[in-house]
Amino acid sequence: MDASLHEWNLAPKEAIALQKTLAKRLETADRIDSVQHIAGVDIGFEAGGDITRAAVVVLMWQPDSTQHLAVVEQVVHREPTRMPYIPGLLSFREIPAALEAFAKLTIRPELVMVDGQGIAHPRRLGVAAHLGLWLNLPTVGIAKSRLTGQYEEVGNMRGDWVPLTSGKDVIGAVLRSRENVKPVFVSPGHRLSLETSLDWVVRCLGRTKLPEPTRLADRLASRRDQKRLI
DNA sequence: GCGACAG
DNA sequence: ATCTTGTCGC
């Protein structure tokens with residue numbers, strides 16, 4: 001995509017119209033290269049929300065090792081916050097900073113995991129889907145809570161999941177990533193099917209609720225991590 | 001008009 | 001998201 005054709009500081013009305021247009025460009029089928037590196041993305045805030053902090057962690061996927069994932073690069077980018085949080089328009093607030101962080105990366109991952117929704121969004125363009133279009137990379141969204149969609153109760157065994165639906169459409173999955181813990185909401189972003197999305201999320205699960213790429217990015221983006229470094 | 005509402 | 005200590009439970 002061409003950055004010059006895209007505005008980030010749009011009024012809600014324009015942003016919503018743009019989402020509807022961009023959603024049509026999403027690829028639903030798998031189009032993913034052999035996975036060597038997986039990136040995790042998350043955004044945090046400082047100074048009462050005035051500063052946006054984008055974190056990207058890249059892990060190497062090593063199927064033959066006991067430790068399937070190993071961190072090989074991590075980047076943090078800070079900048080003044082440009083937009084308030086508006087449900088449904090999260091990507092306009094978070095993606096600009098995320099792109100800056102990606103620009104600092106030396107490795108180009110084959111798969112990207114984002115903290116937030118993929119197509120499980122009112123207009124099918126959650127932050128993971130929107131970022132996927134920008135990066136032209138396969139993306140999957142892992143959210144800690146629901147934005148839209150209906151679902152039945154999910155089993156309590158790790159790996160259990162139920163479809164997240166919107167009318168007749170399946171827009172994601174509610175996945176029990178850890179026993180006795182609230183499930184996560186997995187939805188494909190760009191260039192990924194739901195099945196493949198779930199496969200990778202489950203494969204990247206450690207002992208915690210969030211898959212490693214997102215968990216580590218979360219930690220890096222958090223205010224707490226910043227204190228940790230001092 | 002009344003709720004719901006990723007981070 | 002963030003402000004924040006201890007505390008209940010697997």
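In what follows, chains are A, B, ... by sequence order, proteins preceding strands, each numbered from 1. Nothing here was measured: the structure is a model prediction, and the numbers come from that model.
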- [ ] Scan nucleotides 2-7 of chain B nucleotide by nucleotide, 5' to 3', and note B when protein non-hydrogen atoms come under 4.0 Å of the base, S if they reach only the sugar-phosphate, - if neither.
- [x] --SBBB

Which atom names give the shortest non-hydrogen contact between [X] and [Y], and what distance separates them?
X	Y	result
A:L164	A:A120	CD2-CB, 3.7 Å
A:P163	A:V170	CB-CG1, 4.1 Å
A:L205	A:L210	CD1-C, 4.0 Å

Do [X] and [Y] sit in one hydrophobic cluster, given that two such residues count as connected whenever their side-chain heavy atoms are within less than 4.5 Å of each other, even indirectly?
X	Y	answer
A:V41	A:I51	no
A:L69	A:V71	yes
A:V174	A:L147	no

Considering only distance and modelled atom types, tabulate donor-acceptor pairs under 3.5 Å from the side chains of residues 83-105 of chain A, sequence neighbours left out.
unit_1, atom_1, unit_2, atom_2, d
A:S91, OG, A:H130, ND1, 2.8
A:R93, NH1, A:M83, O, 2.5
A:K104, NZ, A:V76, O, 3.4
A:K104, NZ, A:H77, ND1, 3.4

Contacts of [X] that satisfy salt bridge (Lys or Arg N to Asp or Glu O under 4.0 Å) - sequence neighbours left out:
X	result
A:E14	none
A:R108	none
A:E110	none

Task: Base-pair map of DNA chain C as dot-bracket, where | denotes pairing with a different strand and pairs are Watson-Crick or G-U under 3.5 Å - done: ..........

Task: Residues in contact with DNA chain B, drawn from residues 149-160 of chain A - heavy-atom cutoff 4.0 Å - done: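 Result for residues 149-160 of chain A: none.
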
Open item on the list: I'd like to check the ring pair (Phe, Tyr, Trp, His ring centres under 6.0 Å) partners of A:W61; sequence neighbours left out, ordered by chain and number.
Closed with: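 So A:W61 forms a ring pair (Phe, Tyr, Trp, His ring centres under 6.0 Å) with A:H68, A:W200.
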
Task: Residue pairs passing the ring-ring contact (aromatic ring centres under 6.0 Å, His included) test where at least one lies in residues 153-173 of chain A, sequence neighbours excluded - done: none

Task: Which nucleotides of DNA chain B pair, in dot-bracket form (Watson-Crick or G-U under 3.5 Å, | meaning another strand) - done: .......

Distances for protein N or O near nucleotides 8-10 of chain C N or O, under 3.5 Å:
none

Task: Modelled atom types, side-chain donor and acceptor of A:T214 and A:D115, under 3.5 Å - done: no

Taking distance alone, no hydrogens or angles, what donor-acceptor pairs closer than 3.5 Å link side-chain atoms of residues 177-185 of chain A to residues at least two apart or in another chain?
unit_1, atom_1, unit_2, atom_2, d
A:S177, OG, A:K209, O, 2.6
A:N180, OD1, A:N156, ND2, 3.0

Open item on the list: Which residue in the set A:N136, A:T28, A:D30 passes side chain to side chain donor-acceptor pair (under 3.5 Å) when paired with A:R191?
Closed with: A:N136

